[in-house]
Amino acid sequence: MSGRARINGTSSATSASTNGKGPILQRKVSKLLDKKIGQQADRMTVDYPAKPEDAAGLNGVVKKEVVVGEGPRRAKRKARKPAIKDESSDDSDTPLQTKRRRTSNGVKAISVVQSSDDDVPLAKKATQKNRKLTTPKAVIKDKKPLALISKDDSSDSDIPLAAVKLAKEKKNIAAKVTRTEDKKPAVKANGTKRKTVIKDESDSDAPMKAKRAPAGRKSNGVKKEESSDDDIPLAKKAKPTPKKTAAVKKQTNKDSTPDTKVPAPKGKGKAKKEDTPVDAETAEEEEEYKWWENQAETDGTQKWTTLEHNGVLFPLPYQPLPKNVKLKYGGVPVTLSPAAEEVAGFFGHMTDTPHAQNAVFTANFFKDFLKVVKESGGAKDASGKKINMKEFTKCDFSDMHNYFVAERDAKRTMSSSEKKALKAEKDKAEEKYLHCILDGRKEKVGNFRIEPPGLFRGRGEHPKTGMVKQRVQPEQVTINIGKGVPVPPPPKGHKWADVINDNTVTWLATWKENINGNIKYVMLAATSSLKGMSDFKKFEKARELKKHIDRIRADYNRELKAELMADRQRATAMYLIDQLALRAGNEKGDDEADTVGCCSLRYEHVTLEAPDLVIFDFLGKDSIRFYQRVAVIPQVFKNMKIFKKPPKTTGDMIFDRLDTTQLNKHLQNYMPGLSAKVFRTYNASWTMQQQLAKIPNTGSLHDKYAAYNEANKIVAILCNHQRTVSTNHDSMMQKVEEKIKALRYQKLRLKRQILFLEPERKKKKPDFFKPDPEIDDKTWILEHQQSLVEQEKDKIRKKFEKENEKLVENGEKEQKHSELKERLEVIDEMEAEFKEENKTGTVEPKLRGATVEKLESQIEKLDEKILKQETDAKVREGNKTVALGTSKINYIDPRLSVMFCKKYNVSIEKVFPKTLREKFKWALESADDSWEF
DNA sequence: CATGCATACTCCGATTCGGTCTC
DNA sequence: CGAGACCGAATCGGAGTATGCAT
């Protein structure tokens with residue numbers, strides 16, 4: 001261990017992983033990205049909750065400045081090639097020869113504490129593998145992956161607490177890190193794969209050299225490398241226990257050969273009956289197939305045996321507009337072919353949406369529109385003269401738009417019987433497509449409707465947004481169906497592109513869409529057994545990961561110091577994926593929106609703030625902004641610094657030696673089927689479990705439900721699931737605020753009534769009669785009183801008018817205006833009362849039988865109301881940008897929710913709406929009140 | 001105070017685009 | 001290595017429900 005004491009200590013890193021440090025999500029700031037085109041840099045201030053256990057004392061709310069949408073992202077996006085060039089320079093392929101000692105940074109003190117284990121020379125380590133693997137595990141008490149959950153987490157491995165940070169802030173670590181790399185001769189040990197060796201300025205250089213011994217492995221290519229990665233054969237070790245463990249627990253009756261692949265029952269349920277346990281048979285003839293009670297081990301390639309369905313439903317053909325409704329060009333009504341008119345109509349529908357203000361959208365639309373116009377005979381004016389449309393800005397869609405709006409309104413105001421008739425008609429047309437018959441069972445089909453034509457609404461800055469999505473013809477549609485069953489007839493006069501019988505896929509029909517060339521499918525609904533089974537498998541896979549997670553974390557924490565750049569990047573990426581729940585981040589093309597995930601992060605997406613803060617700011621899936629300012633372990637910080645080192649600059653990949661394929665391949669070694677996204681499922685469900693465990697089993701149903709939602713919210717934040725705040729959110733919040741104030745004023749008046757009855761009370765209970773600080777504002781009270789007065793007036797007037805209407809209707813005479821005046825005199829009284837009230841601070845109770853007791857009970861009721869309104873408002877404000885649904889549907893193992901409901905005696909309906917109950921039927925029946933993820 | 005009714009708001013499900021990952 | 005097959009995602013419109021108001 002001589003001289004080998006690590007400065008930043010592996011032990012902290014290791015412990016961080018093994019005792020399950022979780023995503024540091026409480027630091028998360030979820031804020032919607034400003035999606036406007038031509039992003040300007042808007043500055044805004046964001047509140048986010050500080051880590052509760054944060055020892056630095058960042059309690060309450062921390063203000064962060066967030067910059068929205070800055071800089072040209074695409075501008076400097078480079079090919080990944082430059083990496084090669086880098087290699088000759090600094091860090092790449094450079095073995096670490098010399099060991100740099102860090103002498104003067106603040107971290108040193110910590111380093112002393114490093115455990116011996118980690119300081120064992122690498123060469124030796126290999127031989128100690130077993131120990132290495134087992135020891136830390138034994139020490140682990142708390143496997144929780146999430147930092148926020150456990151207090152102790154923060155204490156040990158979360159060394160970088162804010163206080164510490166500040167203390168270290170100005171130290172020269174940073175400078176050191178960047179300056180300390182030396183150029184070393186490149187090593188190209190292998191022909192197949194280029195490796196970059198990282199020099200780690202700080203510490204472990206010497207051991208690295210030793211470790212290079214296994215370099216031989218490199219020459220053997222990928223496979224070898226992976227297996228030797230850990231001298232233990234991971235893949236093998238990974239599953240000392242065969243499949244049995246996971247899903248099958250419940251199956252008592254599956255005595256038929258467990259390992260042989262039992263394909264779906266042949267024929268229609270006959271085969272099924274034979275190997276279906278008795279209890280699975282139900283009396284109903286339409287017996288429900290409980291696949292989760294009858295788990296057949298299939299290899300998964302064959303998805304069905306028989307399949308019957310009725311094909312797809314095409315949208316109605318275009319209905320031309322009335323002759324008087326036209327697009328105008330330069331003020332002149334334009335006559336178009338139906339095809340062109342339809343496209344114009346697409347836009348006409350959207351003139352009041354933000355799309356119409358999007359330059360890319362309009363440009364793409366107009367280009368495609370002109371093409372259609374040209375191909376369909378051009379545009380003419382009323383006299384038949386050609387109109388040559390050239391400028392989008394001269395187009396006036398308002399006639400069309402108004403027409404559509406009117407149409408919609410007409411539909412809305414239709415009588416309910418008409419609506420019903422219309423719906424019945426629609427249902428009838430759709431009926432036969434709703435279900436298919438799969439392996440003899442009726443299953444719901446999902447999206448049997450062919451997508452109608454329209455304008456492509458790409459999300460974010462999609463280069464193709466606004467392009468015309470063409471009408472799909474039967475000739476483009478391929479049908480997939482079982483052999484020997486009737487093929488659904490194509491629409492009259494048409495043919496299918498093809499009819500196939502492929503039982504290795506789950507789709508019933510497919511076509512190619514014209515915008516991106518993507519393939520679209522008609523598949524079964526989420527409630528179907530096919531989807532249900534794969535959903536179930538997904539969660540079982542995530543649970544399987546539980547068994548490997550400690551080892552995986554230990555490994556990547558160790559490999560954060562790997563000498564090979566690729567390994568180190570991979571480890572760092574795994575850290576991010578595990579801790580921050582990032583997506584894998586596949587490469588994307590230039591004809592898509594510029595969004596990234598972990599592997600595709602670029603220089604400009606990450607900012608470092610010594611000593612340990614990493615700021616992520618990028619657009620993820622759906623161009624949803626991911627912004628997080630997060631403290632990472634020292635080694636990760638160091639690595640990020642290295643990965644950002646010059647000559648890398650804006651546009652360059654952070655992980656230039658890593659891609660998702662490599663990453664997933666590596667993960668496969670740990671566990672079959674493991675890929676990056678499993679971590680999201682795992683961490684989400686795990687977090688949920690931890691959160692639910694904290695909920696006390698007391699209190700009202702409402703409280704429990706609220707607590708459940710809070711847990712759900714934490715998961716949603718972890719996964720960065722956002723939603724746009726509704727346009728009227730602010731006004732709604734204001735309304736609620738006013739409402740609460742009004743209630744408070746009511747309360748005040750009740751108290752004043754008490755004082756009227758028993759003035760001496762004020763001395764007895766001064767606290768009770770202290771002014772309510774929330775409405776301790778004379779002008780507000782006056783305004784409020786005024787508005788109450790106005791309301792009253794309005795009511796009286798309205799009532800008066802209504803009465804008159806009725807009188808007129810009945811042929812009688814209207815009441816005189818003087819009558820109204822008379823009635824309005826009450827208002828004068830009211831105003832006088834207010835005045836009196838403001839003067840004396842008491843209110844004469846209106847009701848005869850008013851007693852102090854009655855008033856007090858009314859006050860209590862008001863208090864409840866106020867509290868409810870306030871908590872509701874708080875929740876709404878807190879959830880305005882957080883979408884809970886996505887995690888509930890896709891990431892949180894439904895059995896957790898079922899467990900929660902059973903254990904806490906909450907009805908499942910409260911937690912799962914109908915469709916989810918159906919989708920998760922398997923979970924409803926297989927989890928009890930003590931089920932664990 | 002219960003009831004009926006119109007309106008506001010919420011929430012749900014459908015939709016369709018955007019990812020991941022495998023072969 | 002790109003096509004293919006799925007899973008995951010936010011959004012949108014409408015159904016359903018709460019709310020407010022008059023009776």
Side-chain angles (χ1 to χ4, degrees), chain A residues 32 35 300-301 303 350 353-354 408 411-412 416 419 423 430 446-452 454 456-460 462 464-465 469 478 480 502 504-507 510 512-513 515-521 523-527 530-531 534-535 537-538 583-589 592-593 595-600 619-624 659-661 663-665 667-668 673-678 680-681 684 716 719-724 726 728-729 731-732 735-736 739 791 794-795 798-799 802-803 872 876 881-891 912-916 918-919:
Chain A
L32 282 183
K35 288 184 193 160
T301 55
K303 301 293 177 18
M350 313 172 62
T353 69
R408 202 170 46 203
K411 225 177 207 171
R412 202 177 298 156
S416 63
K419 276 186 191 165
K423 180 144 195 306
E430 293 180 349
N447 55 329
F448 51 83
R449 272 177 282 265
I450 294 282
E451 292 178 13
F456 176 70
R457 293 153 108 115
R459 309 207 250 259
H462 199 298
K464 295 187 174 181
T465 193
K469 197 169 102 171
T478 296
N480 187 31
D502 184 351
T504 67
V505 295
T506 65
W507 51 266
T510 185
K512 198 177 222 173
E513 150 265 359
I515 307 269
N516 296 301
N518 289 336
I519 304 166
K520 302 273 192 171
Y521 303 94
M523 291 186 184
L524 297 192
T527 52
L530 262 182
K531 295 284 189 188
S534 67
D535 209 30
K537 280 183 188 153
K538 172 182 76 184
R583 294 189 184 82
N586 285 312
E587 274 288 305
K588 291 189 73 183
E592 301 170 277
T595 64
V596 298
C598 184
C599 292
S600 46
L619 299 184
K621 181 175 180 177
D622 292 316
S623 291
I624 295 296
D659 62 35
T660 55
T661 312
L663 179 67
N664 283 336
K665 217 176 206 169
L667 293 176
Q668 290 280 333
L674 184 61
S675 64
K677 82 188 194 101
V678 181
R680 265 168 87 79
T681 314
C719 296
N720 203 38
H721 290 144
Q722 303 189 18
R723 59 175 185 165
T724 54
S726 66
N728 51 2
H729 174 84
S731 70
M732 274 163 42
K735 261 189 199 166
V736 176
K739 212 166 156 188
Q791 267 178 38
D794 273 359
K795 261 189 211 167
K798 262 189 194 159
K799 191 174 174 188
K802 239 184 186 173
E803 282 173 8
D872 281 3
R876 275 188 28 183
T881 62
V882 187
L884 301 189
T886 310
S887 50
K888 193 188 273 189
I889 294 169
N890 298 303
Y891 287 103
F912 285 153
K914 196 174 76 199
T915 48
L916 277 195
E918 266 172 60
K919 169 175 168 161

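In this text the structure is predicted, and so the values were computed from the model without any measurement. Order of the sequence lines sets the chain letters (A, B, ...), proteins ahead of strands, with each chain counted from 1.
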Separation of [N] [atom2] from [X] [atom1] (nearest whole Å):
X	N	atom1	atom2	result
K888(A)	dA10(C)	NZ	P	15 Å
N586(A)	dG8(C)	CG	C1'	14 Å
N518(A)	dA3(C)	CG	P	10 Å
D535(A)	dC6(C)	CG	C1'	12 Å

Sorted by chain and number, sequence neighbours left out, ring pair (Phe, Tyr, Trp, His ring centres under 6.0 Å) with Y891(A) holds for H721(A)
By side chain to side chain contact (heavy atoms under 4.5 Å, CB included) - contacts of [X] (at least two apart):
X	value
V505(A)	N480(A), D502(A), W507(A)
E513(A)	I515(A), N516(A), N518(A), K520(A)
S731(A)	N728(A)
T353(A)	M350(A), H355(A)

Subject >> Set of side-chain hydrogen bond (donor to acceptor under 3.5 Å, both in side chains) partners for S600(A), sequence neighbours left out >> reply: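 If we apply the side-chain hydrogen bond (donor to acceptor under 3.5 Å, both in side chains) test to S600(A), skipping adjacent residues, there are no hits.
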Applying side-chain hydrogen bond (donor to acceptor under 3.5 Å, both in side chains) to R876(A) and not counting sequence neighbours gives none
Categorize [X] for me: base, sugar-phosphate, or nothing, with a 4.0 angstrom heavy-atom threshold over every strand shown.
X	value
R583(A)	sugar-phosphate
T506(A)	sugar-phosphate
K677(A)	sugar-phosphate
G885(A)	nothing
M523(A)	base
G597(A)	nothing
G620(A)	sugar-phosphate

Distances under 3.5 Å only, N/O to N/O: pair up the protein atoms with those of nucleotides 12-18 of chain C.
none

ask   = Does the side chain of Y521(A) get closer than 4.0 angstrom to OP1 or OP2 of dC7(C) through an N or O atom?
value =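 No.
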Heavy-atom nearest pair, L884(A) first then A716(A), reads CD2-CB, 4.0 Å
*asked:* Using a 4.0 Å cut-off to any heavy atom of chain A, which nucleotides of DNA chain B are the first and last in contact, reading 5' to 3'?
replied: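 Under 4.0 Å from chain A, the extent on DNA chain B is dC9(B) to dT22(B).
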More 5' along DNA chain C: K739(A) or K919(A), using each one's nearest nucleotide?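 Here K919(A) is the residue nearer the 5' end.
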message: Can you work out whether T510(A) or K538(A) has the more 5'-proximal nearest nucleotide on DNA chain C?
response: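 By nearest-heavy-atom nucleotide position, the 5'-most residue is T510(A).
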Test side-chain contact (heavy atoms from CB on, under 4.5 Å) applied to F912(A) and K919(A), step by step: CA-CA 10 Å; F912(A) 285 153; K919(A) 169 175 168 161; over 6 Å; no
